[in-house]
**Student:** 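Dropping a structure here in structure tokens format, bear with me for questions.
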Protein chains: 2
Amino acid sequence: MRRTAFFVSESTGITAETLGQSLLSQFDTVEFERVYMPYINTELRAQALTQRMQEAAERDGVRPIVFATMLDEQIRSIIKSGNCFYIELFEVFIDPLAQELGVPPSRKSGRSHAITKPSYYTKRIEAINFAMANDDGVRPDNFHRADVVLIGVSRSGKTPTCLYLAMHYGLRAANYPLTEEDFERGDVPQLLYDCRHKLFALTIDPQRLQLIREERRRGSSYASLKRCQEDIARAHQIYKRLQAPVINTTSLSIEEISSQIVKTLKDAQESGGPLTREPLPIEPSY
Amino acid sequence: MRRTAFFVSESTGITAETLGQSLLSQFDTVEFERVYMPYINTELRAQALTQRMQEAAERDGVRPIVFATMLDEQIRSIIKSGNCFYIELFEVFIDPLAQELGVPPSRKSGRSHAITKPSYYTKRIEAINFAMANDDGVRPDNFHRADVVLIGVSRSGKTPTCLYLAMHYGLRAANYPLTEEDFERGDVPQLLYDCRHKLFALTIDPQRLQLIREERRRGSSYASLKRCQEDIARAHQIYKRLQAPVINTTSLSIEEISSQIVKTLKDAQESGGPLTREPLPIEPSY
């Protein structure tokens, strides 16, 4: 079975997409053709959209699903009148929330992904620049300025996770790749012991690591299963010495790795545990 | 007025956060204390949460708002029974959607930000690696492999936007910084003309640019208003020669810049216009 799903918004469409995708993920027996329609902010664009909905209905033999977050009633009514199963993701919650809060909604569109708090936005951008400048252990002398430090073997997911932590949690994330030199010593520089309270060790199943490394350098000894197994075994010995919490990234997305790290940091912070350094102003932004 | 808002989920919490924040952004006269509670996936954790809700209610003098996406009925009922205004963001849509689709929901939690499509996930990670390796014009010979190329003066937003495009749209994004050499020539290398169909020029108001550059190198001539004005004026002459679409990033977030770029690329692709190169499999993921 095949259905078309439209994600429709007057601005970026991120909210409509996020909740719409979450809902669709509950119906994994259906094959969805996803169509992303941001900036439907004029009646003309809404009319063009109803045309596309009609085409999808004819192609699929069944009307499409529309996930929308529309604040303008006129534009919304045009879309709703089209040949579709319309789900408004926003409106249903606005009135009960307004009643509970005792204030009316502003009804301005595009508020949620605009820069509404400049100081927090600046912090996010600075965190991204920090992650870029402190990738791959190039400046371990900067680790004392980091909020989080990841350690792991090559291709275990350090770089994309650091960027995600910076982009969505405003955290200054740095990473340290375990090298042949570390493995030979069976230890890592003192700098890493100094940041143990904010250190997370990434591991990955050797078979999965082999696949990823093969993509990078096909047929190399670097990508051989034996080398992957050895690297990971030696990494675990070092993690044990460091007493760092270990996250197995094999089947985790960067979203999942990041939210686990943030949860651990926050739990430690709230319990005043040994991981705590200073209160982290963690404020997610998607 | 001050209210506490909890964002609660059995897994990463990204969906609850995104829609919850969107809803709160409609009530900008209220000051919200935001509390992020992912991985509330046991009854014990749910009970601890109700405790925190009670504390917030006593502190604020009014019950907190809870935005939740709970699939487990037992855990949900514990949270709902606490002292809060509970908004379930997911459940209300599931049944109508199941009826329309004619299939039951899987009711598995944590589906939306897990790796459900490995090939698309791999594409995103590769795009992130591409953006990292092709930042700041270090390898313009790689521009032919890019899906998008951004051009702009130093600190106009190129790097974070490229990373966002990679992370959330799986696009291979590269960027080229305009340098003194380009300004003196009044032109850019032929390579940039060759990728005009995927080129976006970023601009920014000189006053804003000055603020950003001051953060970086306080008191330098690089950060002076005069230099910022000159850089931007000379950049615009080059953009005119290139006939590149110009985006003013002054008050836009990286989310907004990125979704505008994606919309332009998709519109061009669908209209078969001059910007089109090949169909881009754009599939957002937040």
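Below, read A as the first sequence line, B as the second, and so on, with proteins coming before strands; counting in each chain starts at 1. These figures come from a predicted structure and were not determined experimentally. Computation of the quantities below employed the complete heavy-atom set of this structure, encompassing side-chain atoms and omitting hydrogens, waters and symmetry-equivalent molecules.
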**Student:** Using non-hydrogen atoms only, which part of A/R216 is less than 4.5 Å away from chain B: side chain, backbone, both, or neither?
**Tutor:**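 When you check distances to chain B, no heavy atom of A/R216 falls under 4.5 Å.
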**Student:** Are A/F67 and A/L19 side-chain neighbours, meaning at least one heavy-atom pair lies under 4.5 Å?
**Tutor:**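 Not touching, per the 4.5 Å side-chain cut-off.
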**Student:** Are B/R3 and B/E33 close enough for a salt bridge, meaning some N to O gap below 4.0 Å?
**Tutor:**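 A salt bridge is absent here (no side-chain N lies under 4.0 Å from a carboxylate O).
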**Student:** Relative to chain B, which segment of A/Q260 carries a heavy atom at a distance below 4.5 Å: side chain, backbone, both, or neither?
**Tutor:**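 Both parts, backbone and side chain.
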**Student:** Under a 4.5 Å heavy-atom cut-off, does chain B meet the side chain of A/I254, its backbone, both or neither?
**Tutor:**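 Both parts, backbone and side chain.
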**Student:** Could you tell me which portion of A/I87 (side chain, backbone, both or neither) has an atom closer than 4.5 angstrom to a non-hydrogen atom of chain B?
**Tutor:**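 The answer is the side chain of A/I87.
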**Student:** Of the backbone (N, CA, C, O) and the side chain (C-beta and beyond), which part of B/V30 lies under 4.5 Å from a heavy atom of chain A, both, or neither?
**Tutor:**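 Contact with chain A: side chain only.
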**Student:** Select, from A/T159, A/T69, A/L252, the one with the greatest count of heavy-atom pairs under 4.5 Å involving chain B.
**Tutor:**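 Looking at each option in turn, the highest pair count goes to A/L252.
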**Student:** Quick one: pull up CE in A/M70 and CZ in A/F90 and give me the separation to the nearest 0.5 Å.
**Tutor:**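 One gets 12.0 Å once the value is rounded to the nearest 0.5 Å.
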**Student:** Please verify the inter-ring angle class for A/H168 with B/H168; under 30° counts as parallel, over 60° as perpendicular, anything in between as tilted.
**Tutor:**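 Ring orientation of A/H168 relative to B/H168: perpendicular.
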**Student:** Using non-hydrogen atoms and a 4.5 Å limit, figure out which bit of B/E91 sits close to chain A: side chain, backbone, both or neither.
**Tutor:**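 No part of it gets close to chain A.
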**Student:** So which part of A/I94 gets closer than 4.5 Å to some heavy atom of chain B, the side chain, the backbone, both or neither?
**Tutor:**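 Both the backbone and the side chain of A/I94 come within 4.5 Å of chain B.
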**Student:** Identify which of B/L89, B/V35, B/D135, B/I128 forms the greatest number of heavy-atom pairs closer than 4.5 Å to chain A.
**Tutor:**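 Of the options given, most contacts go to B/L89.
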**Student:** Give, as side chain, backbone, both or neither, the part of A/A98 having an atom under 4.5 angstrom from any heavy atom of chain B.
**Tutor:**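 Contact with chain B: backbone and side chain both.
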**Student:** If we define contacts as heavy-atom pairs under 4.5 Å, which of A/E215, A/E256, A/E100, A/K108 has the most with chain B?
**Tutor:**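 Most heavy-atom pairs under 4.5 Å with chain B: A/E100.
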**Student:** Heavy-atom distance under 4.5 Å to chain A: side chain of B/S22, backbone, both or neither?
**Tutor:**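 Both backbone and side chain.
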